[in-house]
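What you see is a predicted model; the values in this text were computed from it and never measured. Note that ligands are numbered from 1 as they come in the structure, with each ligand's atoms numbered from 1 the same way.
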Amino acid sequence: MAIRICNVTDIKPGRALRVKIGDHAFAIVHSPDGSFHALDDKCSHGEISLSEGFVDNETIECWAHGAKFSLETGSPLSLPAYEPVNVYEVLVENGEVFLEYEAE
Ligand code: FES
């Protein structure tokens, strides 16, 4: 199910927005290259919101200890994280951002 999140202009390039759907928190990321991504909003190394981290074209970096995760796959690309985070499909249509998510 595609859930409308916001307008494209609501998240500046290089920033992320924390969104909760039920009990599930997502980091909706607007990469500097213009693409949008969605990940679980929790670093796999600790209780830190990835949406508060640093975004570049392909990664988001946790501010706490510097672990970087792939925006495409959620894979950890640097220590101290070694577990991936889940990623979700994001659709952009007519200037609006949608998250593909099926609540359990
Ligand atoms: S809590 Fe994210 S790198 Fe440690």
Side-chain angles (χ1 to χ4, degrees):
M1 180 170 74
I3 301 168
R4 185 189 179 281
I5 300 299
C6 61
N7 293 323
V8 165
T9 52
D10 291 335
I11 312 175
K12 292 191 174 119
R15 304 298 291 267
L17 177 70
R18 178 180 170 88
V19 172
K20 274 194 99 175
I21 299 172
D23 291 336
H24 198 140
F26 300 87
I28 310 297
V29 180
H30 190 175
S31 165
D33 71 10
S35 60
F36 280 81
H37 305 269
L39 309 87
D40 284 337
D41 193 23
K42 182 177 160 313
C43 180
S44 66
H45 181 245
E47 297 289 327
I48 300 292
S49 290
L50 286 177
S51 58
E52 298 171 358
F54 310 108
V55 177
D56 71 16
N57 283 340
E58 289 159 11
T59 65
I60 189 162
E61 178 181 342
C62 179
W63 62 262
H65 311 108
K68 285 189 177 183
F69 297 89
S70 164
L71 293 174
E72 288 289 340
T73 67
S75 297
L77 302 175
S78 65
L79 293 172
Y82 53 86
E83 296 284 342
V85 296
N86 293 319
V87 294
Y88 304 87
E89 191 177 348
V90 175
L91 310 170
V92 177
E93 284 179 16
N94 300 323
E96 297 181 308
V97 179
F98 297 85
L99 175 68
E100 195 65 52
Y101 178 64
E102 215 57 65
E104 291 169 12

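For the 3.5 Å distance criterion, the side chains of Asp33 and Ser31 qualify, holding a donor opposite an acceptor.
The side chain to side chain contact (heavy atoms under 4.5 Å, CB included) test with Phe98 singles out one residue from Val90, Leu91, Val92, and that residue is Leu91.
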Under 3.5 Å donor-acceptor pairs involving side-chain atoms of residues 79-88, not counting sequence neighbours:
unit_1	atom_1	unit_2	atom_2	d
Asn86	ND2	Asp40	OD2	2.9
Tyr88	OH	His24	NE2	3.3
Tyr88	OH	Asp40	OD1	2.7

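Remark: side-chain polar atoms of Ser51 are not paired, donor with acceptor, to backbone N or O of Ala16 under 3.5 angstrom. In terms of modelled atom types and a separation under 3.5 Å, the side chain of His30 and the main chain of Ile11 share a donor-acceptor contact.
Annotation: side chain of Ile21 is in contact with side chain of Tyr101 (closest heavy-atom distance under 4.5 Å).
With waters neither drawn nor counted, the protein N/O/S atoms under 2.8 Å from atom 2 (Fe) of ligand 1 amount to 2.
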